[in-house]
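Written below as structure tokens is the structure these notes are about.
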Amino acid sequence: MTQYWVMKTEPDEFGIDDLRRVEVESWDGVRNYQARNMMRDEMHKGDLAFLYHSACREIGIAGIMTIAREAYADPTALDPASDHFDPKSDPDNPRWLMVDVRYKRRLKRVIGLAELKRHPQLKDMPLLRKGNRLSVSPVTREQWDFILSLE
DNA sequence: GCCAACGTTGGC
DNA sequence: GCCAACGTTGGC
């Protein structure tokens, strides 16, 4: 059964247009245990995910991608030259994981955060909770379909 | 740039 | 195991 997700990214670093160009990208740099556990335990190949642009001019859901590979060790955690280096990660027992995502399509327009917040149908989305910091969070089938209906 | 909200760390 | 201090995220 397909599951649905939303994954945050800062488009100044890597956004929907970058993903379109490379087609497949490893989603490295997740350094939050809750997000890691969801990727490790619940995310499966073939799942669908919204790509959400944060910390930018046009905040909101910008596109759709598919999970192309299930969770595996994130090498940037072991690379001292990486911004995401974690000195406490053990090469023999990697603490941080990543998945691969594949570009599916851009939305016809970016569905903005303010607009998403206006709809009571979406009020339970973890993404929209005040102070939410999860870079990966689940979306229900109903929420997924509703958001697409706004497009 | 500000600041609220949250996760993590570490002393006890 | 508690909790204060700190660092980070992310909207505004």
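Values reported hereafter were calculated over all heavy atoms of this structure, with side chains retained and with hydrogens, waters and symmetry mates removed. Residue numbers start from 1 in every chain, and the chains themselves are labelled A, B, ... in the order their sequence lines are given, proteins ahead of strands.
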Whole angstrom value for the distance that separates P of dG7(B) from CZ of Arg129(A): 10 Å
Could you work out which one of dG7(B), dC12(C), dG10(C) sits closest to the side chain of Ala55(A)? dG10(C)
Could you pull out the closest heavy-atom pair between Asp74(A) and Val30(A), with the gap in Å? OD2-N, 4.3 Å
Looking only at side-chain atoms of Lys8(A), point me to the closest of dC12(C), dG10(C), dG7(B). dG10(C)
Please work out if Glu10(A) contacts a base, only the sugar-phosphate, or nothing of the nucleic acid, heavy-atom cut-off 4.0 Å. nothing
Does Lys130(A) place a side-chain N or O at less than 4.0 Å from the phosphate oxygens OP1/OP2 of dA4(B)? no
Side chain of Gln34(A) only, heavy atoms from C-beta on: which candidate in dG7(B), dG10(C), dC12(C) is closest? dG7(B)
Rounded to whole Å, the CZ-P distance (Arg31(A) to dT9(B)) equals 13 Å
Among side-chain atoms of Tyr33(A) and Arg95(A), is any donor-acceptor pair under 3.5 angstrom? yes
Below 4.0 Å: OP1/OP2 of dT9(B) and any side-chain N or O of Tyr33(A): no
Nearest whole Å is fine: how far is dG10(C) C1' from Met7(A) CE? 18 Å
Roughly, in whole Å, what's the span from CG in Asp86(A) to P in dT8(B)? 11 Å
Starting at atom CG of Asn32(A), determine the distance to atom C1' of dG7(C), rounded to an integer number of angstrom. 14 Å
Rounded to the Å, how far apart are Ile59(A) CD1 and dG10(C) C1'? 7 Å
Distance check needed: dG7(B) P versus Trp96(A) CH2, whole Å only. 13 Å
Answer yes or no: is there an ion pair linking Arg105(A) with Glu151(A), defined by an N-O contact shorter than 4.0 Å? yes
Could you tell me how far apart Asp83(A) (CG) and dT9(C) (P) are, to the nearest whole angstrom? 11 Å
More than 12 foreign heavy atoms under 6.0 Å from CD of Glu42(A): is that the case here? yes
By ring pair (Phe, Tyr, Trp, His ring centres under 6.0 Å), Phe50(A) pairs with (sequence neighbours left out) Trp144(A)
